[in-house]
**Student:** 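Below you will find the structure I want to go over with you.
If you read the sequence from its start, that first residue is 1, and numbering goes on from there. Keep in mind the model is a prediction, meaning the values are calculated, not measured. All values below were derived from every heavy atom in this structure, side-chain atoms included, with hydrogens, water molecules and symmetry-related copies excluded.
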Amino acid sequence: MASRALPLLQLTATLLVALLATCNAGSIAVYWGQNDGEASLAETCASGNYEFVILAFLPKFGKGQTPQLDLASHCDPSSGGCRGQSKDIKVCQTHGVKVLLSIGGGDGSYGLSSPGDARQVALYLWNNYLGGASSSGPLGAVVLDGIDFDIELGSAKFWNDLATDLKNLGKNGGKTVLLSAAPQCPFPDEWDGGAISTGLFDFVWVQFYNNEECQFSAGRGAFMDAWKKWESVPAGKIFLGLPASKDAAGTGFVPSGELISRVLPLIKGSPKYGGVMLWSKFYDDRTGYSSAIKSDV
């Protein structure tokens with residue numbers, strides 16, 4: 001009897017470990033669009049490495065400006081050239097990949113002057129990218145899954161209004177509008193902090209790079225202090241944002257082996273752990289970083 005019970009206990013333990021690993025299994029999100037020579041959107045999504053692809057960027061909007069998309073040399077929005085991306089976006093969504101549009105970025109002309117201005121930007125995004133009134137926006141006849149807030153300059157005001165308006169437009173239109181944000185790891189974030197505090201964000205991919213005081217190279221204590229602060233925000237899942245190569249950022253690159261052995265074990269036990277965000281597809285193409293970490297994320 002005892003000899004049969006032991007294998008049964010071992011099997012139960014093995015299944016429990018497997019279940020826990022599945023429960024804590026994370027996703028990989030990647031930014032796409034800002035570099036010449038990176039894989040197409042369709043190729044990106046067909047790789048099977050990513051659950052989220054974030055289109056970078058819409059760097060001009062608000063304060064009465066005509067919004068302008070910038071996908072580098074992938075396409076020219078001024079001539080309607082980016083509408084051809086609609087086919088690839090639909091391929092991504094067929095693969096189950098969520099496609100979001102990132103607004104802002106590290107360089108651009110954007111900002112909000114009032115709650116009314118936030119409302120106008122929300123309506124523009126809803127109508128042109130999220131399935132609202134326009135039959136064909138800058139990316140063609142597509143319905144993106146959500147909006148990413150990568151606010152890195154200008155005023156910190158009214159981003160909470162924009163988040164609220166986007167969620168309400170989706171709710172009233174019978175569609176779930178996903179919201180994500182890409183704050184810097186120093187807590188709270190200077191620009192995204194107010195919006196994130198609304199509790200409306202589904203995903204927060206924190207940039208643990210170009211911030212020497214809280215990225216992993218600062219030491220386990222400083223890194224975990226920052227991670228735990230970000231765990232405290234009222235958001236769905238928290239992602240570890242990293243550069244996909246040394247060239248992708250000034251500081252903060254973590255070799256894949258070190259990420260798997262030293263970093264992920266520290267954070268994967270968190271109920272809010274969502275996975276890893278990478279900047280960007282261009283650099284990932286050159287290093288194979290996502291392929292190296294996918295089975296361990």
**Student:** Has the side chain of S245 got a donor or acceptor atom that lies under 3.5 Å from a matching backbone atom of T287?
**Tutor:** no

**Student:** Under 3.5 Å, is there a donor-acceptor pair linking the side chains of S280 and Q34?
**Tutor:**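 The criterion, which ignores hydrogens and geometry beyond distance, is not satisfied for Q34 and S280.
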
**Student:** Minimum heavy-atom separation for S256 and I293, please, with both atom names.
**Tutor:**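 Minimum heavy-atom separation between S256 and I293: CB-CG2, 3.8 Å.
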
**Student:** For residues 69-88, which residue pairs qualify under salt bridge (charged side-chain N to carboxylate O under 4.0 Å, His left out), counting only residues two or more places apart or in two chains?
**Tutor:** none

**Student:** Tell me the closest heavy-atom pair linking G37 and R286, and the distance in Å.
**Tutor:** O-NH2, 3.3 Å

**Student:** Side chains of R220 and L266, heavy atoms from C-beta outward: is any pair under 4.5 Å?
**Tutor:** yes

**Student:** Given L55 and L41, is the side chain to side chain contact (heavy atoms under 4.5 Å, CB included) satisfied, shown in steps?
**Tutor:** CA-CA 9 Å; L55 310 180; L41 261 181; 3.8 Å; yes

**Student:** Can you tell me which residue pairs pass the salt bridge (charged side-chain N to carboxylate O under 4.0 Å, His left out) test with a partner in residues 34-58, sequence neighbours excluded?
**Tutor:**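 The answer is E51-K294.
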
**Student:** Which residue pairs pass the salt bridge (charged side-chain N to carboxylate O under 4.0 Å, His left out) test with at least one member in residues 164-186, sequence neighbours excluded?
**Tutor:**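 Applying salt bridge (charged side-chain N to carboxylate O under 4.0 Å, His left out) to every pair that reaches into residues 164-186, excluding sequence neighbours, yields K167-D202.
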
**Student:** Going from CD on Q68 to OG on S109, what distance comes out if it is rounded to the nearest 0.5 angstrom?
**Tutor:** 9.5 Å

**Student:** With sequence neighbours excluded, tell me which residues meet salt bridge (Lys or Arg N to Asp or Glu O under 4.0 Å) with E258.
**Tutor:**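 Partners of E258 by the salt bridge (Lys or Arg N to Asp or Glu O under 4.0 Å) criterion, ordered by chain and then number, come out as R262.
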
**Student:** So, taking the atom named CG in L69 and the one named SG in C75, what distance separates them when rounded to the nearest 0.5 Å?
**Tutor:** 6.0 Å

**Student:** Pairs in or reaching into residues 85-197: which pass disulfide bond (SG atoms under 2.5 Å apart), with residues at least two apart or in two chains?
**Tutor:**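 Sorted pair list: C45-C92, C185-C214.
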
**Student:** Would you say F223 and F187 are hydrophobically clustered, going by side-chain heavy atoms of ILVMFWY under 4.5 Å?
**Tutor:**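 Result: yes, single cluster for both.
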
**Student:** Evaluate the side-chain hydrogen bond (donor to acceptor under 3.5 Å, both in side chains) criterion for residues S217 and E212: first the C-alpha distance (whole Å), next the side-chain angles of each, then the deciding distance (0.1 Å), finally the verdict.
**Tutor:** CA-CA 7 Å; S217 60; E212 294 191 24; over 6 Å; no

**Student:** For S86 and A141, work out which heavy atoms get closest and say how close.
**Tutor:**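 For S86 versus A141, the nearest heavy atoms are CB-N, 4.3 Å.
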
**Student:** Is there side-chain contact between V177 and W126, with heavy atoms separated by less than 4.5 Å?
**Tutor:** yes

**Student:** Side-chain polar contacts of residues 188-197 - donor-acceptor pairs under 3.5 angstrom, sequence neighbours left out - could you list them?
**Tutor:**
{"residue": "D189", "atom": "OD1", "partner": "Q184", "partner atom": "N", "Å": "2.9"}
{"residue": "D189", "atom": "OD2", "partner": "W191", "partner atom": "N", "Å": "3.0"}
{"residue": "D189", "atom": "OD2", "partner": "D192", "partner atom": "N", "Å": "2.6"}
{"residue": "W191", "atom": "NE1", "partner": "G154", "partner atom": "O", "Å": "2.8"}
{"residue": "S197", "atom": "OG", "partner": "G194", "partner atom": "O", "Å": "2.6"}

**Student:** Identify the two heavy atoms, one from V99 and one from Q93, that lie closest to each other, and give their separation to 0.1 Å.
**Tutor:**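 Of all heavy-atom pairs spanning V99 and Q93, the closest is CG2-CG, 4.3 Å.
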
**Student:** Would you confirm whether K229, through its side chain, and M224, through its main-chain N or O, come within 3.5 Å as a donor-acceptor pair?
**Tutor:** no

**Student:** Distance check, rounded to the nearest 0.5 Å: L123 atom CG versus L130 atom CG?
**Tutor:**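 With rounding to 0.5 Å, CG (L123) is 11.0 Å from CG (L130).
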
**Student:** Side chains of V204 and P183: does their closest heavy-atom pair fall under 4.5 Å?
**Tutor:**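 A side-chain contact exists here, since the closest heavy-atom pair is under 4.5 Å.
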
**Student:** Please identify each residue that fulfils ring pair (Phe, Tyr, Trp, His ring centres under 6.0 Å) with F253, with sequence neighbours left out.
**Tutor:**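 F253 satisfies ring pair (Phe, Tyr, Trp, His ring centres under 6.0 Å) with Y289 once adjacent residues are dropped.
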
**Student:** Determine, step by step, whether L169 and R119 satisfy the side chain to side chain contact (heavy atoms under 4.5 Å, CB included) criterion, reporting the C-alpha distance in whole Å, the side-chain angles of both residues, the deciding distance to 0.1 Å, and the verdict.
**Tutor:** CA-CA 10 Å; L169 285 166; R119 174 71 176 173; 4.0 Å; yes

**Student:** Tell me, which pairs form a disulfide bond (SG atoms under 2.5 Å apart) where one or both residues lie in residues 238-293, sequence neighbours left out?
**Tutor:** none

**Student:** Mind running side-chain hydrogen bond (donor to acceptor under 3.5 Å, both in side chains) on Q215 and T251 for me, showing each step along the way?
**Tutor:** CA-CA 8 Å; Q215 61 198 36; T251 61; 3.2 Å; yes

**Student:** With rounding to the nearest 0.5 angstrom, report the CG to CG distance, L179 to L162.
**Tutor:** 8.0 Å

**Student:** Would a distance-only check, ignoring hydrogens and angles, find a side-chain to backbone donor-acceptor pair under 3.5 Å from N127 to A133?
**Tutor:**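 Yes: the side chain of N127 pairs with the backbone of A133.
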
**Student:** For D107, what residues pass the salt bridge (Lys or Arg N to Asp or Glu O under 4.0 Å) criterion, not counting sequence neighbours?
**Tutor:** none

**Student:** When rounded to the nearest 0.5 angstrom, what is the spacing between NZ in K98 and CG in D148?
**Tutor:**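 Here the interatomic distance stands at 15.5 Å.
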
**Student:** Quick check: closest heavy atoms across S180 and F201, and the distance to 0.1 Å?
**Tutor:** O-CE2, 3.3 Å

**Student:** Are the side chain of K268 and the backbone N or O of D296 linked by a donor-acceptor pair below 3.5 Å?
**Tutor:** yes

**Student:** Could you list who else is in W279's hydrophobic cluster, with ILVMFWY side chains joined at under 4.5 Å, directly or through other members?
**Tutor:** Y31, F52, I54, F57, L100, L178, F203, W205, Y209, F239, M277, F282, Y283

**Student:** Please report the shortest heavy-atom distance between W230 and I238, naming the atom on each side.
**Tutor:** O-CD1, 3.6 Å

**Student:** Report yes or no: does Q65 contribute a side-chain atom to a donor-acceptor pair with the main-chain N or O of G62 at less than 3.5 Å?
**Tutor:** yes

**Student:** Check whether any side-chain heavy atom of V263 sits under 4.5 Å from a side-chain heavy atom of V254, and report yes or no.
**Tutor:**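 Yes, at least one pair of side-chain atoms sits under 4.5 Å.
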
**Student:** Give a yes or no on whether the ring-centroid distance for F61 and Y124 is below 6.0 angstrom.
**Tutor:** no

**Student:** Indicate yes or no: at least one non-hydrogen side-chain atom of D161 is less than 4.5 angstrom from one of L112.
**Tutor:**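 Counting from C-beta outward, D161 and L112 never come under 4.5 Å.
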
**Student:** Mind checking what makes salt bridge (Lys or Arg N to Asp or Glu O under 4.0 Å) contact with K228, not counting sequence neighbours?
**Tutor:** none

**Student:** What residue among N49, D285, T44 forms side chain to side chain donor-acceptor pair (under 3.5 Å) with S290?
**Tutor:**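 With S290 as partner, side chain to side chain donor-acceptor pair (under 3.5 Å) holds for just one option, N49.
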
**Student:** Is it possible for you to say whether V143 and Y129 belong to one hydrophobic cluster, with membership spreading through side-chain heavy-atom contacts below 4.5 Å?
**Tutor:**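 Not linked; separate clusters.
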
**Student:** Under 4.5 Å between any side-chain heavy atoms of L264 and Y273, yes or no?
**Tutor:** yes

**Student:** Give the C-alpha distance, both sets of side-chain angles, the deciding distance and a yes or no for side chain to side chain contact (heavy atoms under 4.5 Å, CB included) between D150 and I103.
**Tutor:** CA-CA 6 Å; D150 184 19; I103 62 172; over 6 Å; no

**Student:** Quick check on the hydrophobic clustering: are V91 and L144 connected, directly or via other members, by side-chain heavy-atom contacts under 4.5 Å?
**Tutor:** no

**Student:** Mind checking the CD-NZ spacing from E231 to K237? Nearest 0.5 Å is all I need.
**Tutor:**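 If we round to the nearest 0.5 Å, E231:CD and K237:NZ are 10.5 Å apart.
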
**Student:** Do L125 and L166 come within less than 4.5 Å of each other through their side chains, counting heavy atoms only?
**Tutor:** yes

**Student:** Does any pair with a residue in residues 215-284 pass disulfide bond (SG atoms under 2.5 Å apart), and if so which ones, sequence neighbours excluded?
**Tutor:** none

